[in-house]
Amino acid sequence: MASTPAPPTHFSSVAPRPPNNNNNQRHHHNQNRSQHRRNNNRNRWSSSSSTRYYSSPASDAGACAGAGVPSAAATAFSSSLSPWLGGQKTRLAPDFSGRRSSRNPGKMNSGGPRAVPNNQQHSKAAEEVLHSLTNAGNDVAAIDSVLLSYRLYVAEDYVYLLKESMGYFGLEPNLVTYNAIIDAGAKGEVAFETVVQFLEEMTGAGCEMEWKGIGRDVYTYNTYVDALCKGGRMDLARHVIDVEMPAKNIWPNVVTYSTLMAGYAKAEHFEDALNVYDQMKHLLIRLDRVSYNTLVGLYANLGWFDEAVSKFKEMECCGIKNDIVTYNALIEGYGRHNKYVEVRKLFDEMKARRIYPNNLTYSTLIKIYTKGRMYAEAIDVYREFKKEGMGIDVVFYSALIDALCKNGLIKSSLRLLDVMTEKGSRPNVVTYNSIIDAFRVGQMPALECMVDASFQANEHQIIAGKFQGQKTDDGDNDEIMKMLKQLAAENAGLTKKDKRTRQDKFYIVQIFQKMHEMKIKPNVVTFSAILNACSCCETFQDASKLLDELRIFDSDVYGVAHGLLMGHGQGIWDQAQTLFDELEHMDSSTVSAFYNALTDMLWHFGQKLGAQMVVIEGRNRNVWKGGWSTECLDLHLTSCGAACAMVHSWLLELRTTVFGGQKPPPILSILTGWGKHSKVVGNGALRKAVEALVNGIGAPFQIAECNLGRFVSEGPVVAAWLRQPSTLNVLLLHDYIVYSQPVERNQTFNIPSLGAL
DNA sequence: CAGTGTGCAA
């Protein structure tokens, strides 16, 4: 990769990303920003998205003022729900370096607007398709069949086909053909941008379709809307429905709206999702099977079980039978809210109604039970699952691997990784992410014994008595069963454990290599996991070793992480901005996890100014959802490092207002929450970190008597403290390492072991 | 020819 002219020499052997050509649009991080986020046009999809964070859903064009339960309730629950919401289906936007989902794959166009015309070559596959098309003659059905049987990968293929087939062979594809092409693209291994681009090419630029008078119909639009929703571009989807479609005199139907509703639900914009339902009611659009299922799923995920059940019954009354999707949605929702009795009831009920559980039902149940540490139940479900002859898929394996990792049974998870490969299930990025993430899980509790060969046998004896009952019909060759039982034993405190050594920690490096060999692309979650692993390293050298793995995967992310770690400060900031921009359309939990991981690593290694810059950026981009008012700082979704950096910023800002002559509010509070959201750091870690920080800098805050997750102080007291001359020095953060002119590469820094926060 | 449902990160 060519190195860049402008920025100073990098420590890394990998050059940073070239500076973006519209850097000048960016604000300096500590400049006073307006309420509305900067809205650069780095890629063509960002131009209309600025309202997303600040506008209320009700103000969206076209949202009706429909009456009914949801809209009233929606206002009430508005922000109070967001904390738990991270959890569910989180496959939204494709990330910047790998796919986040097997269903909705894609690669973000990370380099800004595409360098205009596509001079790229089409693929061989496209030529094959074209050849088949010639044989298909003018039979449109045959053409459709040909097109649908291929999965083309690049827009160029579509364009090639379109032009060749129409121009040269004189075929007459109709609108259905085009819709089929688009849909094939949307469903296949084609990036969201590619599909959209194709759509644009199809109607834009004087495409023959328009010329022939073939417009887009409601199917085209619905496909388009779906692609937008899957890409997390809800703003655009809304615009298409509210503006573009009516302008073409094409009216959204039940499919359009249920697509939109599902899109909002996935994007965690639950109020908007409910508003869509209101709008449908208002327009007297009758729900059908799919939209009922969507709605039931939405309510169930929100934990609005009365509403969910009511719709569940209503659909039966309308003559639409409850189906497997309905049941799976309900089970998932109840499971998410730990309502195990209802889960069991539904599971029995569906079988009684001869709606037979499918693979997904079983996977969901196993997930619910392993997450809830109800291993006996999980084992029962698994037995039934096997009896039904269901196939174990990647998701199943991944979920189990994750459970093993979360319980510190890393060796077993690695064995399961081998097993799944042997059995023909290809691990994917999620599988690996779980294992990488175990790096920090394994730090806290001891790791299972890695040396003792007799351990396994020993362990199984123990379990045999406890969980297996009389017979061994589960078969000793069933690895899954073994793992579940091991989890059960671990949970019961029966597993022998041993401290792991420093070398053990670097199993992770082998994992990276394996990932590489298998050509599995990492995604943001992978990067977060790597950064978290760095924060668990005691020495800078160990962290560098891990960061090097990151470099192999993605030099941009590496460039930013490494640059900030090296104290490049402003020099690296434009690259960081570009990176953050690319996170924009991903779901909130993924994004906040990344910010948390990056900040934690910086804070851990003493790069506190860098950490603060990241945190301020995250706050401006509303990454943590938490409020940031003068009276109250909500930290409940931040990591320890992010929280510390945030406290500094908040106090500095407070100081400015105090010096500006404003009266502080009577009571000031910092919320840390109860640690529910940090499953790894353990209960109260955040609170302890904030407590230590507050004490360390001498800020006059105390834990509120009635709420352990809250620090309070009286405004005037804090103001007085802030006015002290010495306070400013305490509050200002610095980087431990500051970049100075070209230093030798591979220089080692004498960084003290900072230990965990 | 379109729209609903699983795993990681929180």
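Chain A is the first sequence line, chain B the second, and so forth, proteins listed ahead of strands; every chain is numbered from 1.
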Taking dA10(B), dG3(B), dC8(B) as options, the one with an atom nearest any side-chain atom of Asn523(A) is dC8(B)
Selection from dA10(B), dC8(B), dG7(B) that lies nearest to any side-chain heavy atom of Ser589(A): dA10(B)
Partners passing side chain to side chain donor-acceptor pair (under 3.5 Å) against Arg426(A) (at least two apart in sequence or in another chain): none
Determine, stepwise, if the pair Tyr299(A) / Phe305(A) fulfils ring-ring contact (aromatic ring centres under 6.0 Å, His included). CA-CA 6 Å; Tyr299(A) 283 139; Phe305(A) 297 113; over 10 Å; no
CE of Met261(A) versus P of dG3(B): gap in Å, rounded? 15 Å
Quick one: Leu330(A) CG to dT6(B) C1', roughly how many Å, whole number? 15 Å
Run the salt bridge (charged side-chain N to carboxylate O under 4.0 Å, His left out) check on Lys423(A) and Asp418(A) step by step: do they pass? CA-CA 9 Å; Lys423(A) 301 246 160 113; Asp418(A) 289 338; over 6 Å; no
Does dT6(B) have OP1 or OP2 sitting under 4.0 Å from an N or O in the side chain of Lys367(A)? no
Touch class at under 4.0 angstrom, heavy-atom based, for Asn253(A) against every strand present: base
Tell me what Ser291(A) touches on the nucleic acid: a base, only sugar-phosphate, or nothing, going by heavy atoms under 4.0 Å. base
Side-chain donor/acceptor of Asp393(A) to base of dG7(B), under 3.5 Å: no
Please give, in whole Å, the distance from dC8(B) C1' to Leu404(A) CG? 14 Å
Tell me whether the OP1 or OP2 atom of dG5(B) has a side-chain N or O from Lys266(A) closer than 4.0 Å. yes
Across the strands shown, which category fits Asn596(A) at heavy-atom distances under 4.0 angstrom: base, sugar-phosphate, nothing? nothing
Is there a donor-acceptor contact under 3.5 Å linking the side chains of Ser535(A) and Asp600(A)? no
Rounded to whole angstroms, how far apart are CD on Glu332(A) and C1' on dT4(B)? 13 Å
Rounded to the nearest Å, what distance is computed from the CG atom of residue Leu295(A) to the P atom of nucleotide dT4(B)? 15 Å
Counting side-chain heavy atoms from CB outward, which of dT4(B), dG3(B), dC1(B) is closest to Asn293(A)? dT4(B)
Look at all strands and tell whether Val591(A) reaches a base, only sugar-phosphate, or nothing, counting heavy atoms closer than 4.0 Å. nothing
Tested for ring-ring contact (aromatic ring centres under 6.0 Å, His included) against Phe312(A), the lone hit among Tyr334(A), Trp304(A), Tyr327(A) is Tyr327(A)
For the side chain of Asp226(A), starting at C-beta, report the closest nucleotide among dG7(B), dC8(B), dT4(B). dT4(B)
Length of the OH-P vector between Tyr219(A) and dC1(B), whole Å: 8 Å
I'd like to know if the side chain of Asn523(A) pairs up with that of Asn433(A) as donor and acceptor (distance under 3.5 Å, no hydrogens or angles considered). yes
Rounded to whole Å, how long is the line connecting atom CG of Leu260(A) with atom P of dT4(B)? 12 Å
For Val225(A), answer base if it contacts any base atom (sugar-phosphate contacts may also be present), sugar-phosphate if it contacts only those atoms, and nothing otherwise; contact means non-hydrogen atoms under 4.0 Å. nothing
Does Ser363(A) reach a base, just sugar-phosphate, or nothing at all? Heavy atoms under 4.0 Å. base
Is Ser258(A) touching bases, backbone alone, or none of the nucleic acid, heavy atoms closer than 4.0 Å? base
Measure from NZ on Lys230(A) to C1' on dG5(B) and round the result to the nearest Å. 11 Å
